[in-house]
Amino acid sequence: MTRVILMGPPGSGKGTQASYIASLLQVNSISTGDLFRSNLSGGTELGLIAKEYMESGEYVPDDITIGMIMNWVMDPQNDSGFVLDGFPRTMRQAEELDSRLGHNKVDMVVFFDVAFNLLIERLTGRWICQACQRPYHHLFAPPDQEKICNSCGGDLYQREDDKLEVVENRLKIYRESTEPVLEYYSQTNKLQNLDASRSIEVVRGDLASLLKEKVS
Ligand code: AP5
């Protein structure tokens, strides 16, 4: 069983690498942000609640987020392990995950370490597939055809929360609420720092080596 958590500031490249890691490990991956967005586009009650928080760059309240993710984590389809992208992000989420899985049951927490000045450029230039959520970047990862997803042919769009003023608040909330979670995992010896400032391909290569070395 392999359980991996991806952590890092907004725009650090978690979503770009999550499905690659999951396919290497042959497990499922989930992104809390993608789940909220698909609820939003489906017009569910959860989506409507999440909307106001996401659009201002705030975190969705713990009770809602924890309930949603724990249902997925504890589902028998994920008995062989998983990749979590964007959860946990608060101390309460981390402690709840530990208590549900059993202490020290996470194999690796990968911290995508990127200088904050690079994040703004990544986020404001990002395009996302409406259908499969694959991220692109107009300079760093352009699609073959303008505004069309290479993987599924879906339309690409820009997220409301990738506007500069919202990005600045997301980075602030990340520093306040999520940096303490990194400290928490560093004390378990599961935390692996990844220099995610480099190109997508170089980061991918490092991830593959890291997983081979540390996770059986
Ligand atoms: P979420 O969607 O998870 O947003 P995020 O963490 O802010 O992360 P991003 O999706 O912005 O970035 P990423 O690291 O995945 O980067 P990506 O690979 O796309 O969450 C959205 C909202 O949902 C939150 O603000 C909150 O409201 C709510 N939420 C989510 N989880 C929650 C939780 N646990 N608790 C409470 N609320 C929660 O890459 C970014 C761009 O850079 C792309 O354009 C990509 O092509 C490009 N890129 C990627 N890697 C590289 C590279 N190495 N070099 C150059 N460009 C690159």
Side-chain angles (χ1 to χ4, degrees), residues 5-21 29-40 46-47 49-70 72-73 83-97 110-129 132-143 149-150 156-163 166-178 181 194-207:
I5 292 173
L6 310 184
M7 290 188 67
S12 55
K14 306 177 296 292
T16 297
Q17 307 291 353
S19 54
Y20 170 72
I21 300 171
S29 68
I30 195 156
S31 149
T32 25
D34 287 351
L35 259 188
F36 286 132
R37 279 185 291 278
S38 70
N39 271 281
L40 188 55
L46 173 62
I49 296 171
K51 184 175 190 281
E52 59 173 302
Y53 296 99
M54 294 173 80
E55 284 183 354
S56 58
E58 301 288 320
Y59 285 170
V60 179
D62 278 340
D63 284 338
I64 297 172
T65 309
I66 289 169
M68 177 180 80
I69 284 293
M70 286 307 160
W72 186 88
V73 164
V83 175
L84 296 182
D85 164 7
F87 184 95
R89 273 182 215 222
T90 65
M91 278 308 299
R92 206 181 131 207
Q93 291 176 14
E95 284 162 0
E96 188 72 24
L97 183 67
V110 184
F111 170 47
F112 285 63
D113 193 1
V114 179
F116 270 39
N117 62 327
L118 294 180
L119 298 173
I120 308 263
E121 188 182 19
R122 286 194 188 179
L123 290 170
T124 52
R126 172 164 63 181
W127 289 80
I128 305 240
C129 176
C132 74
Q133 315 281 333
R134 179 173 164 182
Y136 293 86
H137 190 280
H138 75 107
L139 292 178
F140 308 133
C149 177
N150 294 355
L156 306 187
Y157 77 104
Q158 289 195 287
R159 277 169 46 176
E160 281 296 311
D161 62 345
D162 280 346
K163 290 184 179 141
V166 186
V167 166
E168 282 168 348
N169 194 39
R170 286 164 65 197
L171 293 173
K172 175 174 165 279
I173 301 291
Y174 167 82
R175 281 200 201 98
E176 289 168 3
S177 301
T178 306
V181 183
L194 178 75
D195 176 1
S197 299
R198 296 157 309 150
S199 74
I200 292 174
E201 293 70 28
V202 171
V203 170
R204 188 157 291 176
D206 269 15
L207 271 167

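Whatever order the structure lists ligands and atoms in, that order sets their numbers, starting from 1. Along the sequence shown, the residues carry numbers beginning at 1.
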Are any of the N/O atoms in [X] less than 3.5 Å from those in ligand 1?
X	value
Thr32	yes
Gly13	yes
Tyr136	yes
Tyr53	no
Arg159	yes
Arg37	yes
Asp161	no
Trp127	no

Nearest neighbour in protein (non-hydrogen) for [atom]:
atom	value
atom 22 (C) of ligand 1	Met54 CE, 3.8 Å
atom 37 (N) of ligand 1	Val60 N, 3.1 Å
atom 49 (C) of ligand 1	Thr16 OG1, 3.3 Å

Does any N or O in the side chain of [X] come within less than 3.5 Å of the main-chain N or O of [Y], such that one atom is a donor and the other an acceptor?
X	Y	value
Arg89	Val181	no
Arg92	Asp62	no
Glu168	Lys163	no
Lys14	Phe112	no
Arg204	Gln17	no
Gln158	Thr124	yes

Task: Closest non-hydrogen atom pair, Arg159 against Arg170 - done: NH2-NH2, 3.2 Å
Ligand-side contact atoms (ligand 1) for residue partner [X], heavy atom cut-off under 4.0 Å:
X	answer
Glu58	26 (C), 27 (O)
Gly15	13 (P), 15 (O), 18 (O)
Arg170	4 (O), 5 (P), 7 (O), 9 (P), 11 (O)
Phe87	34 (N)
Phe140	55 (C), 56 (N)
Leu123	11 (O)
Pro135	19 (O)
Thr65	33 (C), 34 (N), 35 (N), 36 (C)

- [ ] Determine the sole option in Thr32, Thr90, Thr178 for which the side chain to side chain donor-acceptor pair (under 3.5 Å) test with Tyr59 is passed.
- [x] Thr178
TODO: Consider ligand 1: state whether an atom of it lies below 4.0 angstrom from any non-hydrogen atom of Ser199.
DONE: yes
- [ ] Would you check whether Ser12 reaches within less than 4.0 Å of ligand 1, judged by its heavy atoms?
- [x] yes
Option set [options], criterion heavy-atom distance to [atom], minimum:
atom	options	answer
atom 41 (C) of ligand 1	Arg122, Met7, Arg198	Arg122
atom 10 (O) of ligand 1	Arg204, Arg126, Lys14, Met68	Arg126
atom 3 (O) of ligand 1	His137, Arg89, Gln17	Arg89
atom 40 (C) of ligand 1	Gly86, Gly11, Gly57	Gly11

Task: Sole residue of Asp85, Val83, Leu97 in side-chain contact (heavy atoms from CB on, under 4.5 Å) with Ile5 - done: Leu97
